[in-house]
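Both backbone and side-chain heavy atoms feed into the values below; hydrogens, waters and symmetry mates do not. Letters A, B, ... are given to chains in the order of the sequence lines, protein chains preceding strands, and every chain is numbered from 1. Model, not experiment: these values are computed from the prediction.
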There are 2 protein chains.
Amino acid sequence: MNILEKITNELDMLSKSERKVAEVILASPSTVIHSSIAALAKQANISEPTVNRFCRRLDTKGYPDFKLHLAQSLANGTPYVNRHVDENDSAEEYTDKIFESTMASLELARKSLDANDVNRSVDLLTQANKISFFGLGASAIVAHDAQNKFFRFNVPVVYFDDILMQRMSAINSRQGDVVIVISHTGRTKSLVEVASLAKENDATVIGITTKGTPLAKECSIVLTVDVCEDTDLYMPMSSRIAQLALIDVLATGFTLRRGSKFRDNLKKVKDSLRSSRFERKD
Amino acid sequence: MNILEKITNELDMLSKSERKVAEVILASPSTVIHSSIAALAKQANISEPTVNRFCRRLDTKGYPDFKLHLAQSLANGTPYVNRHVDENDSAEEYTDKIFESTMASLELARKSLDANDVNRSVDLLTQANKISFFGLGASAIVAHDAQNKFFRFNVPVVYFDDILMQRMSAINSRQGDVVIVISHTGRTKSLVEVASLAKENDATVIGITTKGTPLAKECSIVLTVDVCEDTDLYMPMSSRIAQLALIDVLATGFTLRRGSKFRDNLKKVKDSLRSSRFERKD
DNA sequence: TTTATTATGAAATAAAATTTCATTTTTTCT
DNA sequence: AGAAAAAATGAAATTTTATTTCATAATAAA
């Protein structure tokens, strides 16, 4: 486990002086890995043995061993974090920041996702008579993408990004149908209503949304996709990509469940597209 | 740079004894990070000062510093790689694999992207009279998403995922228009033709595609998005997500270029959506 | 072969970390 | 509240670890 997280977790198990050490470390871990025990003790205004005891409390063999763990945490921890784009960033800087934030969000989303729910969703999808994907705004793109993917599986699949059509479709749904409702906020009124309507008509409703939202309450299964809030402040960016990755997961689970025969069929669809392309020279 | 790679690279710059050290380290780096300089010297059958000199030759401050670097290299050793989904994978396994592959692809895409091209593209976009996004299949989703984003900027923006409409739009384009053509393969005939048509009509054509493809040849600027080929074998998965991240980058560059006044306007659009939502309780 | 250069390790030194133990602080119990 | 027990802390001593110095050995150049 990441030692920085561990420090944060065990912060209240620590004594007063040890907490001082923790604070100094958390404030600037990258400095600490180049400090001696004496330097760190001075920084935190405590004695060297206290630093040593602090290290042992975190289940390391001593200060040098602790530094090793810390170094490893930094190596893993720093690459993909949410770094905010700044007014004066160069093209290179904001490009890097956005890619990194996106990766960080994917990492987060993966952690928030429950494999059991994925499994159950795939189960239901493979047995569905009809699959519908509903989303609005940025989530409409995700729904659109999902339709594209599932269309290749040769199953009845529809997608609507229009409130009225969604309502009509929801009202006409029945048992055996699976309705997937996508919304990052989970608070878009009309979508919550659509989910509710589908549920009333005995369709299975799967929500791709954040935990504990009004939409989540209307769903049989909630596929939780939590991403860092503020990356989506002005425009939905990360959440949408995490949702797309989830669609990939569902589509993959679907093909795996359907077995190898089915995958051959998929290859045929793919091959049929080839004639519309320029051939590769290599 | 990864210190293990560095050791491998500089192997022939090293003296005989130092090479012994290198070999022991490369054979089992994870053991070494828990060894003292004396233990390592003994392992390699050489003296302690030799280990020390070895460390310095690799531009570290000494043995402890070297161990730190080594620890970090090990932590980074298995970042995000493309792991292939297997027939018998559990839901948890394929979920993890897909998320990781997606992250690996984003990392790759970021590296293949040229910041100068991004910068020039943003320049052109901010000055465009009209912006069009064209894509087919999975790339249509990306184009759709782009339209969504740029629409908020209150600039004339269109998107078509229909061949005929794309052709018509391309024929009607003129100088000062920017046409963004999205295709992972860069070989879809109709799209290459659309790019060509737009170019003939003096529009600026920006391609979001792979390097060296027929489409790339028709473009004024190519935004290279290389991802690992075989993740897209049956379905476009990673490439599409990398393209979306690139759209985020362009949109971000656009707002930055337009300045702070412009970002206030964006906030208004965002706020106007609020009434259609259930309020948060917290 | 001789000389210059570089590589190497033994021993000494320096630095860093750990242990021990006395003192202080905090908690618990009456 | 006050005494006793427990826990926390740091000074100093000790131990471990790393580095430097320097003499010697190996290697390359003349």
**Prompt:** Please give, in whole Å, the distance from D:dT14 P to A:N52 CG?
**Reply:** 18 Å

**Request:** Round to the nearest Å and state the distance from A:K20 atom NZ to D:dG10 atom C1'.
**Result:** 12 Å

**Request:** For DNA chain C, note the earliest and the latest nucleotide, 5' to 3', having some atom under 4.0 Å of a heavy atom belonging to chain B.
**Result:** C:dA7 to C:dA10

**Prompt:** Do A:V222 and A:D117 have side-chain heavy atoms sitting under 4.5 Å apart?
**Reply:** no

**Request:** Taking only the side-chain heavy atoms of A:S47 (C-beta and beyond), determine which of D:dT27, D:dT20, D:dT9 contains the nearest atom.
**Result:** D:dT9

**Prompt:** Is B:D123 paired with B:R120 through a side-chain N to carboxylate O contact shorter than 4.0 Å?
**Reply:** no

**Item:** Separation of D:dA7 P from A:I46 CD1 (nearest whole Å)
**Value:** 21 Å

**Asked** If you pin A:P49 and A:R57 to their nearest nucleotides in DNA chain D, which one's is more 5'?
**Response** A:R57

**Message:** Quick check: on DNA chain C, is the nucleotide nearest A:R53 upstream (toward 5') of the one nearest A:S36, or the reverse? Name the residue that is more 5'.
**Reply:** A:S36

**Item:** Side-chain heavy atoms of B:F66 within contact of B:I37, under 4.5 Å
**Value:** no

**Prompt:** In whole angstrom, what separates A:E18's CD from D:dG10's P?
**Reply:** 10 Å

**Message:** What I want to find out is whether B:K149 reaches B:D248 closely enough, with some N-O distance under 4.0 Å, to be called a salt bridge.
**Reply:** yes

**Prompt:** Hey, what do you get for CG (B:L250) to CG (B:N119), rounding to the nearest 0.5 Å?
**Reply:** 11.0 Å

**Prompt:** What residues form a salt bridge (charged side-chain N to carboxylate O under 4.0 Å, His left out) with A:D59, not counting sequence neighbours?
**Reply:** A:K6

**Asked** On DNA chain D, nearest-nucleotide positions of B:K16 versus B:K67: which is more 5'?
**Response** B:K67

**Prompt:** When you check the gap from the basic side-chain N to the acidic O, do A:E10 and A:R57 get nearer than 4.0 Å?
**Reply:** no

**Complete:** Rounded to whole Å, the CE-P distance (A:M13 to D:dA8) equals 13 Å

**Complete:** Rounded to 10°, the helix from C:dT1-D:dA30 to C:dT30-D:dA1 deviates from straight, judged by its five-pair end axes, by 30°

**Prompt:** Between A:E48 (CD) and D:dT14 (P), how many Å, whole number?
**Reply:** 16 Å

**Request:** Run the salt-bridge test on B:R110 and B:E107 with the 4.0 Å N-O cut-off and return the result as yes or no.
**Result:** yes

**Request:** To the nearest Å, give me how far apart CZ (B:R19) and P (D:dA26) are.
**Result:** 18 Å

**Message:** Heavy-atom count check: over 12 atoms from other residues, nucleotides or ligands less than 6.0 Å from B:Q43 CD?
**Reply:** no

**Asked** Just how far, in rounded Å, is C1' of D:dT9 from CZ of A:F54?
**Response** 16 Å

**Prompt:** Does A:T50 make a side-chain N or O approach to OP1 or OP2 of D:dG10 shorter than 4.0 Å?
**Reply:** yes

